[in-house]
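Each chain gets a letter, A, B and so on, in the order its sequence line appears, and its residues count up from 1. Worth saying up front: this structure is predicted, and the values here are computed from it rather than measured.
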Amino acid sequence: MDSLNSPRRALAVHGLTKTYHAQRSWLSLKRIEFNWSLCARSKKIDSARMSYLSVVHALRGVDLELPAGKTLAIVGPSGSGKSTLARCIAGLLQPTSGEIWFGDQSLLPARAAHRYVQLVFQDPGASLNPRFTVADALLEPLRAAQSSTRSSCFSVAEGLQQVGLPAALANRLTSQLSGGQKARLAVARALAALDPDGPAILILDESLGSMDLCVRAQMINLLVDLQDQRALTYILISHDVSLAAHMADEIAVMAEGIIVKREPRVSWTGISPHV
Amino acid sequence: MSESEILLRVDDLSVTYRAGETYLPVARNLSFAIHPGEVVGLLGESGSGKTTTALALLRLLPKSAALKGRARFRGVELMEASEATLQKIRGAQISFVPQEPLLSLNPVIRVIHQVSAVVRAHTRLTGRQCRDKAGAALEQVGLASERLHRSYPHQLSGGQRQRVLIAQAIVSRPSLVIADEPTGSLDRESEQAILALLRSLVDQLGASLLLITHDPSILAAVADRVMVMYAGRIVESGPQAEVLEAPLHPYTRGLLECLLDTAQAGRTPDDRHVRAIEGSLPDFSSLPPGCAFEPRCQDRLPCCREADPVTVLSGAQQIACFLYGLPQ
Amino acid sequence: MKQLVLVPRLTTTILIVLHVTILLAGFLAPYDPAMQNRTSPLLPPIGVHFVDTLGVFHLRPLVRSAGRTPDYPLRFFVSGSTYRFLGLWTFRTHLFGVEEPGRLFLLGTDEFGRDQFSRILWGGQVSLLIGWLATLLALGIGLALGSVAGFFGGWPDAAIMRGAELFLALPWLYLLLAVRAFLPLSLPPHATAMILTVIIGIVGWARPARLVRGIVLSARERDYVSAARGFGASSWHLLRRHCLPETYTVLATQATLLIPQFMLAEVALSFIGLGVGEPAPSWGNLLAPLRQIPILASAWWMMAPAMLVMVTSWCFLSLGDVFVHGET
Amino acid sequence: MFRRYLLRRLVHVIVLFAGISAFSFVLLELAPGDFLGEAKLNPQMSPATLAALREQYGLNKSLGQKYLSWIGSAARGEFGISFAYNLPVSKILRPRVSKTLQLTLSSLLLSWFIAVPLGVWSAAAHNGFVDRAVGVAISALLATPDVVLACLALLMAVRLRAFHSANPVLPVAVLTLGALPILLRHVRAALLDVANQPFAQVARANGISGAGLWFGCLLPAAVNPLTSLFGLSVAGLISSSLLVEVLLGWPGVGPLFVEAIAARDFYLVVDSVMLSALFLSGGTFLADILLYVFDPRIRMEL
């Protein structure tokens with residue numbers, strides 16, 4: 001497996017663990033004020049079932065290495081810890097223990113991670129504030145990180161054009177965009193947050209899962225072009241093996257919080273779509 | 001198939017949503033027929049108007065939707081039927097399997113009672129008899145244990161909830177089941193199981209199934225006939241074998257090429273680009289005058305821009321494209 | 001939607017006209033609210049006529065005098081008792097008035113012979129001020145504590161919510177009276193008005209705080225907030241740009257509910273004798289004499305402030321409806 | 001499971017009560033002046049007797065001692081001694097509590113039994129004539145302050161001379177009319193909110209309609225938001241019952257409370273506040289039980 005340790009190791013993860021403790025003080029019974037409109041919008045009822053268990057070991061010691069410019073797909077049944085791993089690497093979740101190295105820079109604690117690693121969510125539409133215009137959404141990473149230097153030289157039109165969106169969309173509301181356009185805007189926003197010149201990692205947390213076939217095909221082409229232009233490293237989280245087999249240089253299989261198998265793509269083409 | 005044997009004949013059905021001043025023609029001049037015992041697949045991307053078509057047949061669209069055209073179902077004209085006759089048909093003769101299993105079940109009522117409520121709505125049976133029929137329907141869809149019957153929706157998995165919805169749909173032995181993306185939010189295994197279940201139930205009942213989906217690979221295993229919908233129009237329909245293997249309409253061809261396993265054929269291993277249709281769905285409020293697919297179509301003709309193609313017969317398939325019949 | 005657009009324009013105009021007249025109370029009111037006429041307690045409203053006691057028609061409206069003395073023509077822009085406008089400038093001119101010794105009591109007098117019409121206008125200033133300031137106070141505290149509790153969770157959330165529960169566990173009028181007892185009973189009227197505002201505001205913070213907390217809590221879970229955290233956004237940025245904007249419609253709806261409710265709280269307190277003390281006019285004080293049955297039975301014009309309170313409350317509440325409908 | 005739920009809610013209420021009693025003690029302790037305030041101005045009262053009286057009423061004890069003595073007497077069932085009546089507070093309050101309960105409970109039941117069916121009906125006939133008529137009635141009633149309602153009732157009582165003050169019909173009517181509009185509006189909003197949910201459309205698609213849909217399928221799903229409304233309506237009712245009792249001369253806890261405040265009768269005020277909180281906590285406790293019975297998601301959570 002010598003092809004892996006190419007000179008520039010983009011990402012290295014050692015012994016990553018994450019456990020959730022559901023604390024419930026017996027005194028403060030949460031009065032469940034069920035608000036229909038909020039629940040319908042959130043659509044995450046299934047994740048609520050996890051809170052019934054008292055302690056959940058989401059990650060049980062994950063070791064991972066990823067060369068720059070390559071694409072790693074992580075597949076596995078739901079609840080195997082794929083999303084938790086992705087959020088830990090992207091700095092959205094603080095792991096219980098373990099280290100995450102980007103080149104020679106540690107990504108823990110998560111403050112500096114956002115310049116090197118960005119995550120595109122499962123439902124790109126939900127990761128865009130409906131009250132924002134397209135320009136606001138695109139500029140938010142720069143405004144949030146208060147890096148005035150980069151925001152001055154960043155042009156919205158160029159950011160949109162990079163992902164194939166017409167510049168005329170700039171002042172429409174994000175809620176008025178179509179599914180495909182929202183996905184492209186989410187990618188454009190992630191690119192705006194990353195260092196324009198340095199190496200960077202883009203994590204796609206099942207972002208291509210629920211798309212129409214044509215829209216997904218266009219997104220695949222966009223992601224492949226971007227990888228060539230900006231030497232991006234992709235981590236593709238998905239439960240759809242055929243998508244992983246198509247996109248990735250390597251596929252890692254996760255189950256119950258650890259990586260159980262990891263092989264380069266060429267050896268995957270033959271097998272049936274079920275893991 | 002002679003005239004009398006047709007279960008549902010839809011002629012020139014159009015649905016136009018009115019949002020303030022803008023009019024959205026979501027379904028335009030749909031004409032198709034469904035025969036008893038037939039499984040018809042309605043294929044189209046999200047936003048092509050397929051769910052609206054299903055809800056239009058059951059007259060469940062909001063008031064802001066204007067309905068035109070006719071839909072005759074076993075001698076009853078659905079578009080003019082009164083609310084009373086519609087209530088007798090919904091759930092008893094035409095039933096509906098929704099898309100979101102998560103939110104489509106009443107969270108505070110046990111599943112057995114939700115299924116027996118459908119029976120009670122259509123028969124004069126007593127509570128006990130309704131519950132027995134509901135129990136039988138739940139067993140038929142694979143939820144055998146009594147504990148499952150008495151459980152609440154949030155205690156069941158996505159696949160089990162979908163089975164309850166199917167039980168609701170088949171408990172009063174309908175002759176037409178409309179399933180809107182029944183496997184949309186399920187993972188691979190339960191998707192195949194639900195499709196197999198639907199197919200076997202429909203055969204047992206001798207009912208016909210209108211299966212709505214955006215994924216052609218689902219239809220390959222289940223559908224007898226396939227209708228492809230784009231921007232509110234049926235652009236191509238025909239037997240499943242011809243439409244999926246040898247599509248005539250450029251849109252169908254492009255759609256099937258987006259499938260990964262077909263896109264992979266004949267490409268060098270490390271070139272991961274896939275063939276895709278350029279551009280995006282047209283905006284319903286400003287549809288182009290000619291064929292809606294014309295801006296994205298590779299083999300467009302000059303006349304495609306002026307007029308909307310008329311559906312013509314080509315072999316066993318019906319196709320709405322000037323490639324198969326120039327305008328007179 | 002047409003019908004809805006009509007209602008708010010009607011209510012907003014009524015509210016604006018009402019607020020302007022109350023603001024110009026000094027100018028519009030013919031007499032000083034505190035001026036007592038021992039000779040004419042509980043007089044019914046004196047009408048303005050165009051025909052004088054001798055049956056002669058006058059273009060200029062006049063007030064008929066009792067018997068011998070000549071009638072009093074109505075004068076405009078008369079100089080009468082001094083009053084302060086917004087507490088800054090003092091004026092003497094009134095819009096209309098009648099020379100001495102004629103009396104113009106458009107809405108009659110109370111048991112001390114004070115002109116009800118003037119007292120209603122001046123009383124409005126006190127009541128509306130209490131309504132507005134108490135609401136701003138309650139919503140301000142509610143927004144601050146609610147968003148802190150909703151956004152940061154942990155012990156601040158528990159502490160604030162237990163505090164809110166403490167306030168919500170007491171019926172508001174009992175709590176209000178218990179807090180009102182905190183005050184010495186005899187205080188200069190304007191001091192009591194100000195302290196009443198603070199009390200009503202403080203007692204009313206719990207409900208808005210819980211609403212804001214619910215909204216901020218759910219907004220915080222949204223994907224676009226996690227995404228913003230992923231850009232290294234500070235908590236303040238997340239709160240300001242994502243969570244707080246969600247609360248504005250609810251705060252507006254709450255305002256249209258709380259203003260009338262707090263005005264009525266002042267009326268209730270005055271009725272029990274713990275409101276704004278005499279002789280300061282407030283709508284509560286004006287209605288307080290109605291507790292005595294003889295006045296209630298005979299002096300029907302004393303109910304006039306109640307009509308005004310009802311109109312104001314109705315306008316605020318129907319404004320609230322528009323927000324609610326606008327929301328869904 | 002149900003016992004654990006009840007136990008937790010009970011402990012929650014007890015902790016809340018401790019908080020309320022401490023809160024009202026501190027509040028009233030800070031109030032300037034006390035029961036003997038006026039007595040000081042009385043020239044015949046010599047300073048010596050005044051001091052003896054203060055000692056007897058325990059007015060110069062520190063806050064902590066007062067609180068402990070109050071808890072002691074509460075344990076004995078007296079809940080402190082009222083200065084004005086020189087009787088244990090519990091004796092004074094007992095007859096009045098039954099009067100107030102008679103008023104609040106009957107108007108609570110009456111307003112809910114009218115609000116739920118009418119609310120569901122007006123939601124079902126959404127934007128129909130019924131819905132608009134109910135809407136106009138609601139906003140008119142909502143804008144009418146309880147005070148005005150009470151006055152109108154008083155006027156009617158005087159004119160018809162039919163209702164002497166012991167007859168509860170008038171106060172109950174005023175209270176119910178006062179509470180009804182808010183309930184109707186919330187019930188209708190909750191029902192409409194549930195009716196827009198996907199499972200309501202699926203029920204319609206399965207042919208369930210009319211009463212079976214609205215009462216059998218949608219109303220149970222709307223119980224959760226309505227139970228939190230139940231606690232709110234109890235609080236509103238108790239407050240307006242104070243007002244109505246004072247205005248219509250109904251011998252409940254209200255007039256006693258107002259009188260105690262004016263007279264600075266320390267323990268009577270504290271106990272009245274605690275009593276009102278007890279009514280309200282009883283209401284919210286009942287709401288929690290209703291929630292447990294009707295909403296399985298809450299049952300499963302424990």
Side-chain angles (χ1 to χ4, degrees), chain B residues 51 54-55 57-63 83-111 113-123 150-155 161 164-165 167-172 174 177-180, chain D residues 1-2 116 120 123-129 131-132 190-230 287-302:
Chain B
T51 307
L55 293 178
L57 292 178
L58 285 162
R59 298 276 301 282
L60 283 172
L61 291 174
K63 290 189 184 50
E83 189 58 26
T85 38
L86 282 174
Q87 266 157 25
K88 287 200 197 61
I89 292 177
R90 288 192 199 122
Q93 296 174 31
I94 304 183
S95 61
F96 181 71
V97 180
Q99 180 173 6
E100 280 284 339
L102 222 53
L103 300 169
S104 302
L105 283 172
N106 191 327
V108 291
I109 298 178
R110 295 177 196 276
V111 281
H113 296 310
Q114 298 198 34
V115 181
S116 58
V118 178
V119 181
R120 202 176 317 116
H122 292 290
T123 60
R150 295 187 53 73
S151 58
Y152 290 92
H154 64 277
Q155 295 170 308
R161 285 194 206 115
V164 172
L165 289 167
Q168 266 188 333
I170 57 114
V171 70
S172 37
V177 176
I178 302 178
D180 182 7
Chain D
M1 189 66 92
F2 188 51
V116 173
V120 172
H126 184 49
N127 276 345
F129 172 73
D131 188 25
R132 283 229 174 69
L191 261 300
L192 285 180
D193 200 9
V194 168
N196 291 332
Q197 290 304 311
F199 70 82
Q201 187 183 43
V202 169
R204 282 197 196 90
N206 284 326
I208 303 172
S209 63
L213 175 71
W214 284 96
F215 288 95
C217 172
L218 298 184
L219 186 55
V223 161
N224 190 297
L226 289 186
T227 41
S228 48
L229 173 67
F230 184 82
D288 284 343
I289 293 174
L290 279 177
L291 190 62
Y292 187 91
V293 166
F294 279 101
D295 194 334
R297 291 162 296 187
I298 308 295
R299 267 204 301 276
M300 295 313 144
E301 167 80 9
L302 298 179

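- Shown here for B/S104 and D/V202, the closest heavy-atom pair between the two residues is CB-CG2, 3.8 Å.
- Contact of the D/P198 side chain with the B/E100 side chain is not registered, since no non-hydrogen atoms from C-beta on lie closer than 4.5 Å.
- For the pairing with D/R204, the side chain to side chain contact (heavy atoms under 4.5 Å, CB included) check across B/L86, B/L60, B/L58 returns one residue only, B/L60.
- For chain D, the nearby part of B/L105 is the backbone; its heavy atoms alone come within less than 4.5 Å.
- At a 4.5 Å heavy-atom cutoff, the contact between B/L55 and chain D is made by side-chain atoms alone.
- Looking at B/A117, the atoms closer than 4.5 Å to chain D (heavy atoms on both sides) sit in the backbone and in the side chain alike.
- Other residues, nucleotides and ligands place more than 12 heavy atoms under 6.0 Å from the CZ atom of D/F215.
- In terms of non-hydrogen atom pairs under 4.5 Å with chain D, the most contact-rich of B/R59, B/H122, B/Q99, B/H113 is B/H122.
- With D/N206 as the partner, the side chain to side chain contact (heavy atoms under 4.5 Å, CB included) test is satisfied by one option alone out of B/V119, B/V115, B/V118: B/V118.
- Nearest heavy-atom pair, B/I109 versus D/G216, reported as atom, atom and distance to 0.1 Å: CD1-O, 3.5 Å.
- Looking at B/L165, the atoms closer than 4.5 Å to chain D (heavy atoms on both sides) all sit in the side chain, from C-beta outward.
- The most heavy-atom pairs under 4.5 Å with chain D, out of B/Q168, B/Q114, B/Q87, B/R90, come from B/R90.
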